[in-house]
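Read through the structure below, which is laid out as structure tokens, and then see the notes.
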Amino acid sequence: MRQYLVCQGVAERTRIWPPSHALDHGDAGRHHERALALAAEAELEEEYAAARMDEPSWLTDERLHLFGKKGHPINGRALCPRGCLRRARGRQARVLRKDCSKRSLFVDLAYTEHLRRKALADYWNHVFNEGTRCCRSMRSCPLGAHEDQLRANSAEGGQS
């Protein structure tokens, strides 16, 4: 509770919730919490944090086809997306996905991030469609940005 109150104080002064203490809204928060735990277990906290902030990453690259529709690993004969190496004939060789010791952990993390992004998009679509108004207390609120975009679109339509 103390940590939450400290974060609340920071957010009130800066209009930004401390990113390292933020969880996503709605069902996305559940997936976010699980992804953070998986990233810690795989020792990929920084890599996950960057991917979550929309930095280019193998975690979010859909072209890699890491998992199927139900989240199970696929394409086992492709190279490990993380670039894992093993010793082979006296040299380092890239590991295939099926041979990677952390394969299930990597795939689980990528799938959980996929679910988080989908749940967050669903949450915001629901909020937008409900017509909820932004309180303007946070600087980077998607609801405020949505309202601003609607306002700009209506202004453009009125000038034609």
Side-chain angles (χ1 to χ4, degrees), residues 1-88 91-128 132 134-146:
M1 183 62 155
R2 184 180 183 294
Q3 185 65 42
Y4 174 80
L5 293 174
V6 168
C7 289
Q8 191 69 33
V10 169
E12 199 171 300
R13 285 190 304 281
T14 63
R15 296 180 53 211
I16 298 172
W17 192 268
S20 60
H21 297 285
L23 276 182
D24 289 318
H25 295 289
D27 288 340
R30 219 172 11 97
H31 299 299
H32 184 188
E33 206 166 29
R34 183 157 192 273
L36 288 171
L38 289 167
E41 185 179 342
E43 299 174 352
L44 298 172
E45 294 96 336
E46 289 181 27
E47 214 168 322
Y48 175 69
R52 189 178 155 266
M53 301 307 255
D54 294 325
E55 298 279 327
S57 171
W58 62 269
L59 280 167
T60 56
D61 189 348
E62 292 180 6
R63 295 172 299 172
L64 291 177
H65 302 287
L66 294 171
F67 51 84
K69 290 180 181 177
K70 295 184 179 181
H72 300 296
I74 58 173
N75 295 330
R77 290 185 296 188
L79 293 174
C80 174
R82 184 76 172 58
C84 293
L85 301 171
R86 66 177 169 82
R87 205 95 176 115
R91 62 182 178 83
Q92 295 286 74
R94 301 246 347 237
V95 175
L96 297 180
R97 289 181 192 174
K98 67 183 175 85
D99 298 329
C100 180
S101 62
K102 293 188 177 183
R103 175 188 186 195
S104 62
L105 193 56
F106 292 163
V107 170
D108 206 8
L109 176 58
Y111 184 64
T112 302
E113 174 59 10
H114 166 77
L115 293 175
R116 183 197 71 82
R117 287 174 181 239
K118 184 178 179 327
L120 191 60
D122 291 347
Y123 171 82
W124 286 116
N125 283 333
H126 175 74
V127 170
F128 297 155
T132 305
C134 181
C135 65
R136 302 287 177 175
S137 62
M138 299 304 277
R139 208 178 284 170
S140 61
C141 176
L143 192 53
H146 178 73

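Values below: all heavy atoms of this structure, side chains included; hydrogens, waters and symmetry mates excluded. This structure is a prediction, so every number in the text was calculated from the model and none was measured.
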Self-check item: Sub-6.0 Å ring centroid separation between Tyr111 and His72
Solution: no
Self-check item: Ala88 versus Ala93, closest heavy-atom pair with distance
Solution: CB-CB, 4.0 Å
Quiz item: Asp99 side chain to Val95 main-chain N or O, any donor-acceptor pair under 3.5 Å?
Solution: no
Quiz item: Just wondering, are more than 12 heavy atoms of other shown residues or ligands nearer than 6.0 Å to CD in Glu12?
Solution: no
For residues 30-40, tabulate all N or O donor-acceptor pairs below 3.5 Å that involve a side-chain atom, not counting sequence neighbours.
residue, atom, partner, partner atom, Å
His32, ND1, Asp24, N, 3.3
His32, NE2, Arg52, NE, 3.1
Arg34, NH1, Asp108, OD1, 3.1
Arg34, NH1, Thr112, OG1, 3.0
Arg34, NH2, Asp108, OD2, 2.8

Quiz item: Which atom names give the shortest non-hydrogen contact between Ala11 and Met138, and what distance separates them?
Solution: CB-CE, 3.9 Å
Quiz item: Can you find a pair of side-chain heavy atoms, one from Ser140 and one from Trp17, that are under 4.5 Å apart?
Solution: no
Self-check item: Heavy-atom closest contact (Cys84 atom, Cys100 atom, distance)
Solution: SG-SG, 3.7 Å
Practice problem: Name all residues meeting the salt bridge (charged side-chain N to carboxylate O under 4.0 Å, His left out) criterion together with Arg82; count only those two or more places apart in sequence or in a different chain, and write none if there are none. | Solution: Glu47
Quiz item: According to the salt bridge (Lys or Arg N to Asp or Glu O under 4.0 Å) rule, which pairs have a member within residues 53-67, sequence neighbours left out?
Solution: Asp54-Arg117, Asp61-Arg63
Self-check item: salt bridge (charged side-chain N to carboxylate O under 4.0 Å, His left out) partners of Lys118, counting only residues at least two apart
Solution: Asp122
Practice problem: Identify, with sequence neighbours excluded, every residue that meets side-chain hydrogen bond (donor to acceptor under 3.5 Å, both in side chains) alongside Ser104. | Solution: none
Quiz item: Who passes side-chain contact (heavy atoms from CB on, under 4.5 Å) against Val6, sequence neighbours left out?
Solution: Arg2
Practice problem: For residues Trp124 and His146, establish whether the separation of their ring centroids is below 6.0 Å. | Solution: no
Quiz item: Side-chain contact, heavy-atom cut-off 4.5 Å: Thr60 with Glu113?
Solution: yes
Exercise. Would you sort out whether Gln92 and Arg87 count as a side-chain contact (heavy atoms from CB on, under 4.5 Å), showing the intermediate values?
Key: CA-CA 5 Å; Gln92 295 286 74; Arg87 205 95 176 115; 3.7 Å; yes
Practice problem: Tell me, please, which residues at least two apart from Tyr48 pass ring pair (Phe, Tyr, Trp, His ring centres under 6.0 Å). | Solution: none
Exercise. Report the distance from atom OG of Ser57 to atom CG of Leu44, rounding to the nearest 0.5 Å.
Key: 9.0 Å
Quiz prompt | Where Gly76 and Leu96 come nearest, the two heavy atoms and their spacing | solution = O-CB, 3.7 Å
Quiz item: Excluding sequence neighbours, so at least two apart, what forms ring pair (Phe, Tyr, Trp, His ring centres under 6.0 Å) with His126?
Solution: none
Quiz item: About how many Å separate NE2 of His25 and CG of Leu120, when rounded to the nearest 0.5 Å?
Solution: 7.5 Å
Quiz prompt | Partner set under side-chain contact (heavy atoms from CB on, under 4.5 Å) for Pro73, not counting sequence neighbours | solution = Arg103, Val107
Quiz prompt | All side-chain contact (heavy atoms from CB on, under 4.5 Å) counterparts of Thr132, not counting sequence neighbours | solution = Val127, Glu130, Leu143
Exercise. Could you pull out all residues at least two apart from His65 that satisfy side-chain contact (heavy atoms from CB on, under 4.5 Å)?
Key: Ile74, Asn75
Quiz item: From Phe128 CZ over to Tyr123 OH, what is the distance, rounded to the nearest 0.5 angstrom?
Solution: 9.5 Å
Quiz item: Between CZ of Arg116 and CG of Leu23, what distance do you get to the nearest 0.5 Å?
Solution: 10.0 Å
Quiz prompt | Sub-4.5 Å side-chain heavy-atom contact between Leu66 and Arg97 | solution = yes
Quiz item: Who passes side-chain hydrogen bond (donor to acceptor under 3.5 Å, both in side chains) against Arg94, sequence neighbours left out?
Solution: none
